[in-house]
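Residues: numbered from 1 along the sequence shown.
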Amino acid sequence: MSLDMIMRATGAELLHGDAGVPVSRIFTDSRQDCGGAFFVPLRGERFDGHDYIKEIADRGAIGSFTDRLIGIDVPKEFVLLKVDDTLRAYQSTASAHRDRYSVPVIAITGSCGKTSTRNLLSNVMSRMRIVRTERNENNEIGVPLTLLRMDGSTEAVVLEFGMRGPGEIKELAGIACPTHGVITNIEPTHIGRLGSLEAIADAKGELLENMPGDGTVFLNADNAWTEHLKKKTTNRVIEFGINAGDVRATGIRQTLDGVEFELVSEFGGTEVYVPLPGKGTVYNALAAAAVGLSLGISMDDIREGLGLPVDESGRMTRKKGRDGILIIDDTYNSSPASLRLALELLGSIEREGRRVAVLGDMLELGEFSEPEHGACGATAAGNAALLVTLGSDSEWIAKGAVGAGMPESSVKVYKEYDELAKDADDLFEPGDLVLVKGSRGMKMERVVDLLREKK
């Protein structure tokens, strides 16, 4: 990548330095090693990257965007490119860089399962040289960062698209220009922000509306909103599902170690084992398999890829607790759909000892919070011997469980973590199987740590 290319992509004005200097990479975090790299000074609520331009210049960076005409004491060879908006310039640079490579770019979005699908697909494509979303690079800053890691050896890109409101998926698709689009499902995640399931489907559907005409779309055949989504595209649609679809799973067997099933498609079938538990894993694996098959990956390589280890901290991870307690750590996040699946898994596992569900609030449900929490409570009643709730909204889980027939003596409600921790010795028994789940903001990992501590 050259500064000349960056200037053409952004319409930047050269204020200082030599535009012929080569660029090793582009970075946005002033704390990183910046030798030979070009800086993008972004703004947040509590910081302005422009304040660090002199520092990164002194540490070896070769240049920076700026959106203001100010005097900055930098070395004479340091390049300053004036743009109207540094974030937009960064995104335009990433988009221009992506356009240099004619490779499959797979974008994954949906209400649940995005990260797991991304990881499983990366494993399926493990024989290829891929660039993929790392950590939480699924937004307007992270997606460009991923694209800028592409080089001449890249054979494919796997992207995760996050979303909190309308227009965001459209923006990300405009930057990445995906050739393949996956929507895992439409569920009431963020419904408090968007107002309805239809609004969620429309926001996720922006991916389909902003793909090239020769792209391929992958949709969940078992999801109620798939027909609605199909109306948003004229592209080829491949459906995956348990009850229907072009790529299906039959004979599903669940354990705490993972899931086994028969993968069925027009290319034949194979027995698959995925080392992640839960019914949701089946759908995520089917989505990954469907994309892999469309890219010409063999059934043998798909089977092998789906069986590779997946590092999913806080996502249905089995952990040993004190006194023989076994923990299902699903603390990364929570939504009504994922919680119901986790509870069903809890109730289906063959194991001596009680089934215990420790559940925190599901956030961002707005006016739907009471009914959604209550419905999950009814599911808990049929799958747990003891229900422990933490937070305010999760009290509706408790009420839903009692309303569904769970004895009040088997339901414990806590507003604060310290109260729960104080009662821990009375709540949990040796040999319990304990599901711990809640929205990210509830910090439910504290409960996991509590259960792992020695008395």
Side-chain angles (χ1 to χ4, degrees), residues 104 106-110 112-134 155-160 180-185 216-223 238-318 328 330 332 338 341-342 344-345 348-349:
I106 302 104
I108 302 167
T109 192
C112 310
K114 297 183 293 294
T115 300
S116 294
T117 301
R118 176 197 79 194
N119 291 338
L120 289 168
L121 179 58
S122 297
N123 282 353
V124 164
M125 301 171 69
S126 61
R127 296 185 185 276
M128 302 173 67
R129 295 180 181 271
I130 67 169
V131 170
R132 66 170 216 166
T133 298
E134 301 291 346
E155 295 178 290
V157 180
V158 179
L159 298 172
E160 178 182 333
H180 297 68
V182 181
I183 299 181
T184 58
N185 48 46
T216 305
V217 170
F218 303 84
L219 300 175
N220 186 332
D222 297 340
N223 191 262
I238 296 176
E239 296 185 37
F240 57 90
I242 295 173
N243 300 312
D246 305 294
V247 180
R248 303 183 306 282
T250 63
I252 299 169
R253 299 170 296 282
Q254 297 192 62
T255 71
L256 276 178
D257 295 314
V259 293
E260 299 178 12
F261 59 89
E262 175 82 13
L263 175 64
V264 180
S265 77
E266 63 179 301
F267 300 98
T270 186
E271 282 287 335
V272 168
Y273 169 73
V274 187
L276 288 174
K279 190 176 179 180
T281 292
V282 178
Y283 283 107
N284 301 334
L286 288 172
V291 175
L293 289 169
S294 78
L295 295 174
I297 297 175
S298 72
M299 190 69 79
D300 286 344
D301 283 348
I302 288 173
R303 181 187 65 249
E304 180 180 323
L306 291 176
L308 293 174
V310 183
D311 182 12
E312 296 251 316
S313 178
R315 291 181 171 92
M316 300 299 287
T317 304
R318 186 175 68 170
I328 305 174
D330 203 22
Y332 182 80
S338 65
L341 289 175
E344 289 169 3
L345 174 66
S348 68
I349 298 300

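- Counting only heavy atoms from C-beta outward, the side chains of F261 and V274 approach each other to under 4.5 Å.
- Looking only at side-chain heavy atoms (C-beta outward), L121 and I106 come within less than 4.5 Å of each other.
- A heavy-atom distance below 4.5 Å is not found between the side chains of V217 and I238.
- Electrostatic pairing of R315 and D330 does not count as a salt bridge here, judged by no charged N lying under 4.0 Å from a carboxylate O.
- In terms of the salt bridge (Lys or Arg N to Asp or Glu O under 4.0 Å) criterion, residue partners of E134 (sequence neighbours excluded) are, by chain and number, R132.
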Distance-only criterion, 3.5 Å: show the donor-acceptor pairs between side-chain atoms of residues 240-249 and protein atoms not counting sequence neighbours.
{"from": "D246", "atom 1": "OD2", "to": "E239", "atom 2": "N", "distance (Å)": "2.8"}
{"from": "R248", "atom 1": "NH1", "to": "G245", "atom 2": "O", "distance (Å)": "3.1"}

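- Here the side chains of L159 and V157 are in contact, with some heavy-atom distance below 4.5 Å.
- Applying side chain to side chain contact (heavy atoms under 4.5 Å, CB included) to T281 and the options T117, V259, L286 leaves one that passes, V259.
- Contact check on R253 versus E260 returns a salt bridge, with a Lys/Arg side-chain nitrogen under 4.0 Å from an Asp/Glu carboxylate oxygen.
- Residues L219 and N223 form no side-chain contact, since every pair of their non-hydrogen atoms from C-beta on lies 4.5 Å or further apart.
- Every salt bridge (Lys or Arg N to Asp or Glu O under 4.0 Å) that R318 has, sequence neighbours left out, goes to D257.
- No side-chain heavy atom of Y283 sits less than 4.5 Å from a side-chain heavy atom of C112.
- With contacts defined as side-chain heavy-atom distances shorter than 4.5 Å, the pair L295/H180 qualifies.
- Looking at heavy atoms from C-beta onward, L263 lies in side-chain contact with M299 at the 4.5 angstrom threshold.
- Although no hydrogens or angles enter the test, the distance criterion places no donor-acceptor pair under 3.5 Å between the side chain of T109 and the main chain of I183.
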